[in-house]
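Contents: one structure, followed by commentary.
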Amino acid sequence: MTALGAFLPLFRIRQSFGPVQRFLDAQLTVTETAWGSSFAVPGQEVTEQTGSPVGIPLLLAVAVLVAGALAAFVRPERGRWLVAAGAVFGAGVVVTVGMDGIGWSVATGGENLDVTLGAGMWLLIGGTVAAGAAAVLAWVRRQPGWADPAVAYADTPTPPSGVAITVLPPEEPGNP
């Protein structure tokens with residue numbers, strides 16, 4: 001979800017030019033993605049502008065989560081740490097991206113500005129919740145380690161090798 005959200009629009013910002021500028025009755029639409037922004041005014045060409053590439057840390061968080069999921073099958077202890085690290089790092093990046101949307105609405109100072117969450121931001125939020133749930137499950141579903149042989153075989157006459165070895169008494173030298 002996070003990888004897909006990194007390539008979809010995160011925020012759509014609309015600003016109406018109205019009563020103050022009567023000669024310009026238009027609406028500016030800014031579409032922000034994880035890789036940049038596009039500015040659209042009706043009747044004009046869409047302008048693309050690169051921004052801070054927050055898609056890179058998002059994809060890095062996805063890579064850490066995938067590595068953690070694979071490592072959880074091979075070495076569960078290390079996999080748990082990688083899944084938790086990926087979830088925390090991904091959550092930090094998504095919160096940072098979300099602050100950018102809040103910054104748009106606060107920076108206007110009372111102008112008519114409409115900031116809406118795009119599909120990409122909703123996917124980032126869903127991916128963060130899923131990664132957090134995966135991290136919790138990775139830590140809750142621990143498999144017990146190897147049992148202590150002294151405790152495991154204390155109540156059974158079978159030795160740890162699984163085969164009872166009978167030791168015969170030594171033979172007397174002189175008996176054929």
Side-chain angles (χ1 to χ4, degrees), residues 1-14 29-40 48-108 113-165:
M1 291 170 70
T2 302
L4 182 61
F7 295 101
L8 293 176
L10 301 174
F11 301 104
R12 191 159 272 119
I13 300 106
R14 290 190 181 99
T29 303
V30 179
T31 303
E32 187 171 327
T33 66
W35 308 99
S37 302
S38 65
F39 301 90
E48 299 285 333
Q49 179 182 0
T50 59
S52 59
V54 294
I56 294 172
L58 286 170
L59 295 180
L60 180 65
V62 169
V64 171
L65 283 168
V66 169
L70 294 176
F73 289 110
V74 179
R75 304 203 85 185
E77 191 63 35
R78 289 189 181 160
R80 278 191 272 277
W81 282 104
L82 279 174
V83 170
V88 169
F89 181 67
V93 174
V94 170
V95 167
T96 302
V97 171
M99 290 296 125
D100 191 31
I102 293 173
W104 273 100
S105 59
V106 172
T108 60
L113 192 70
D114 181 31
V115 179
T116 58
L117 297 179
M121 190 63 194
W122 286 112
L123 283 172
L124 293 181
I125 293 169
T128 301
V129 170
V136 168
L137 286 176
W139 282 95
V140 169
R141 302 185 119 231
R142 288 182 149 187
Q143 294 181 357
W146 292 99
D148 182 20
V151 176
Y153 298 109
D155 60 343
T156 179
T158 306
S161 64
V163 178
I165 300 172

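Side chains are part of it too, since the values below use all heavy atoms of this structure and drop only hydrogens, waters and symmetry mates. Computed from a predicted model, the values in this text were never measured in an experiment.
The only member of Thr116, Leu117, Thr31 that meets side chain to side chain contact (heavy atoms under 4.5 Å, CB included) when paired with Pro9 is Thr31.
Taking all atoms of both residues into account, the shortest heavy-atom contact from Ala131 to Ala87 is O-CB, 3.5 Å. Nearest heavy-atom pair across Met121 and Val94 is CE-O, 3.8 Å. The two atoms that bring Ala34 and Leu10 nearest to each other are N-CD1, 3.6 Å, heavy atoms only. The minimum heavy-atom distance linking Glu48 with Ser38 is given by the pair OE2-CB, 3.4 Å. Minimum interatomic distance between Val83 and Gly68 (heavy atoms only, all atoms of both residues): CG2-C, 3.5 Å. When all heavy atoms of Ser37 and Val30 are compared, the pair lying nearest together is CB-CG1, 4.3 Å.
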Result block: side-chain N/O donor-acceptor pairs under 3.5 angstrom for residues 49-67, not counting sequence neighbours:
none

| query | Given Leu70 and Val74, is the side-chain contact (heavy atoms from CB on, under 4.5 Å) satisfied, shown in steps? | reply | CA-CA 7 Å; Leu70 294 176; Val74 179; over 6 Å; no
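By the side-chain contact (heavy atoms from CB on, under 4.5 Å) test, Trp81 is found to be paired with Glu77, Trp139, residues two or more places apart in sequence or in another chain being considered. A search for ring-ring contact (aromatic ring centres under 6.0 Å, His included) contacts involving Phe7 returns Trp35, not counting sequence neighbours.
One finds the CZ atom of Phe89 at 13.5 Å from the CG atom of Leu82 (value rounded to the nearest 0.5 Å). To the nearest 0.5 Å, atoms CZ (Arg12) and CG (Asp114) are separated by 11.0 Å.
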